[in-house]
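In what follows, chains carry the letters A, B, and so on, assigned in the order in which the sequence lines appear, proteins first and then strands, with residues in each chain numbered from 1.
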2 protein chains.
Amino acid sequence: MEENTKRILLVEDDPNFGTVLKEYLTIHNYDVVLAKNGMEGYEKFKKSDFHLCILDVMMPYKDGFTLAQEIREKDKDVPIIFLTAKALKEDVLKGYKVGADDYLNKPFDSEVLLLKIQAIIQRKNVESVADSKQFEFEIGSFKLNSKLRFLTHNGDTQIKLSPKENELLRLLALHINDLMPREIALTKIWRDDNYFTSRSMDVYIAKLRKYLKLDPKVEILNIHGEGFRLVINP
Amino acid sequence: MEENTKRILLVEDDPNFGTVLKEYLTIHNYDVVLAKNGMEGYEKFKKSDFHLCILDVMMPYKDGFTLAQEIREKDKDVPIIFLTAKALKEDVLKGYKVGADDYLNKPFDSEVLLLKIQAIIQRKNVESVADSKQFEFEIGSFKLNSKLRFLTHNGDTQIKLSPKENELLRLLALHINDLMPREIALTKIWRDDNYFTSRSMDVYIAKLRKYLKLDPKVEILNIHGEGFRLVINP
DNA sequence: GTTACTTTTAACGAATTATTAACCAAAGTG
DNA sequence: CACTTTGGTTAATAATTCGTTAAAAGTAAC
């Protein structure tokens, strides 16, 4: 899958409608994960990192609003679109209260959904450009340029970083001296939290440690069962 | 009037439909100028500066396509949306040929129009950031004239560039020392991002590297999976 | 038509990257 | 301590991306 493909979590209990909609969005170049109910939706949300959630409101066991609230607890920025059969005003209000970005009444014009998705993702994109503009980090006597993916030591040695090395070091640098939970690194970078991705991450930690050896003050510490800490010693 | 309000030229011969649509767009915070026919539309276009034109296709004396062509001569970038009652394929083709950005069949959902307006203006916004009219560049000991398509080294050797070589080098020069994402070069120059255009681009990178060998300080570096960087070493 | 030029496609090798296995060390647990 | 889980590290493998040259296909001028 391409790097820049936007990832959408679609939670819809009607299997026919769900798969059709998933296919439609896939054709239009989105990476769609389909969940058949609120439970499954939440599990899938926790294990990965999405740019947008499309939630059916009427679902058995756990309705869309409840799911939206749970999602909001984990991520207070991810855009949410609700799908609903009826156009009840109180529902719309309830939706906006849990932070809906938009609302669509079924049956809806698929083109409208597509345009709304575009608009929402674009909007978030513009916003995030402003705050995630930070791509230069000081790490002891190192400098990380995470846009051009290299690490310089004292201005002379230049170490090229692979995408994963780069993202991981950037994440550690963002939380410098603080704990970077394994779980978060995995969902953000690997988009899946399982045994293998976890071991893969350990391999990358080893690689980063090798690079960072040039400055003995800089260390990546492990916190058993929790995650890692990038620390700068005095 | 607000600073950031987008200006729309609306050309529509049906006075009822025209005023209703104008009001609708005005409510949604656009600054709308309404023209009742192609003649008037062209006059109003010349006299002001618009972010978007919405043209009815079927108009007496001067139809939307003819008007679009005249507008294109004056401004080759302004987005154009056509409104049409019939969905004739040849019309759509004709429209895209004169550079239509989108197409809407009457009667249409006003929300769709609004979303399309948003999307188009946003897109142009993003594109225009990088797209200056600059055509002369210093690249180490080279000079690129991208209007006349040649590259000179120290003023003596003159290398003629093919259109693609020229556009690619210009794009790299616009982002000098910075990343030029592959994806962007492909959509801007090749207008399509697929395996073959991507390989074609690699061929052109090789050609440019051969030209640029005359100055060892000038390099085109690859950032694996991301794109290229034109760098000038000290 | 021919010619000169431009662009795409093929082909093959090289480099880069991510994953997985393997084996051992360290930390936590009863 | 015996045992389980978690982490550290290296190396092998697989997959993708890139560099380069050359041939083929396409275009435009003559």
Just checking, is any N or O donor in the side chain of B/Asp192 or B/Asn194 under 3.5 Å from an acceptor N or O on the other one? yes
To the side chain of [X], which of [options] is closest?
X	options	result
A/Tyr204	D/dT21, D/dG8, C/dA18	C/dA18
A/His224	C/dG28, C/dT9, D/dG19	C/dG28
A/Lys164	D/dC18, D/dT20, C/dT19	C/dT19

In whole Å, I'd like the distance from the [atom1] atom of [X] to the [atom2] atom of [N].
X	N	atom1	atom2	answer
B/Leu186	C/dT7	CG	C1'	14 Å
A/Glu226	C/dG28	CD	C1'	13 Å
B/Leu208	C/dT7	CG	P	11 Å
A/Leu161	C/dA18	CG	C1'	15 Å
A/Ile223	D/dG8	CD1	P	11 Å
A/Glu183	D/dT6	CD	C1'	16 Å
B/Tyr195	D/dA15	OH	C1'	14 Å
B/Asp193	D/dT17	CG	P	11 Å

Is A/Asp202 salt-bridged to A/Arg182, cutoff N-O under 4.0 Å? yes
Does a salt bridge link A/Asp49 with A/Arg191, judged by any charged N lying under 4.0 Å from a carboxylate O? no
Do the side-chain N or O atoms of B/Ser162 get closer than 4.0 angstrom to the phosphate oxygens (OP1, OP2) of C/dT7? yes
Look at the side-chain N and O atoms of B/Lys210 and state whether any lies under 4.0 Å from the OP1 or OP2 oxygen of D/dG19. no
Residue whose closest nucleotide on DNA chain C lies nearer the 5' end, B/Lys160 versus B/Phe196: B/Lys160
Contact nearer the 5' end of DNA chain C, comparing A/Trp190 with A/Arg199: A/Trp190
Looking for any heavy atom pair under 4.0 Å, which part of the strands does [X] touch: base, sugar-phosphate only, or nothing?
X	answer
A/Asn222	sugar-phosphate
B/Lys207	base
A/Phe228	sugar-phosphate

Using atom types as modelled, flag every donor-acceptor pair under 3.5 Å from a side chain in residues 217-225 of chain B to any protein atom, sequence neighbours excluded.
unit_1, atom_1, unit_2, atom_2, d
B/Glu219, OE1, B/Asn233, ND2, 2.8
B/Asn222, OD1, B/His224, N, 3.3
B/Asn222, ND2, B/Gly227, O, 3.3

All pairs passing side-chain hydrogen bond (donor to acceptor under 3.5 Å, both in side chains) where residues 15-27 of chain A contributes a residue, at least two apart: A/Tyr24-A/Ser110
Could you pick out which residue, B/Arg209 or A/Leu221, lies toward the 5' side of DNA chain D when each is mapped onto its nearest nucleotide? A/Leu221
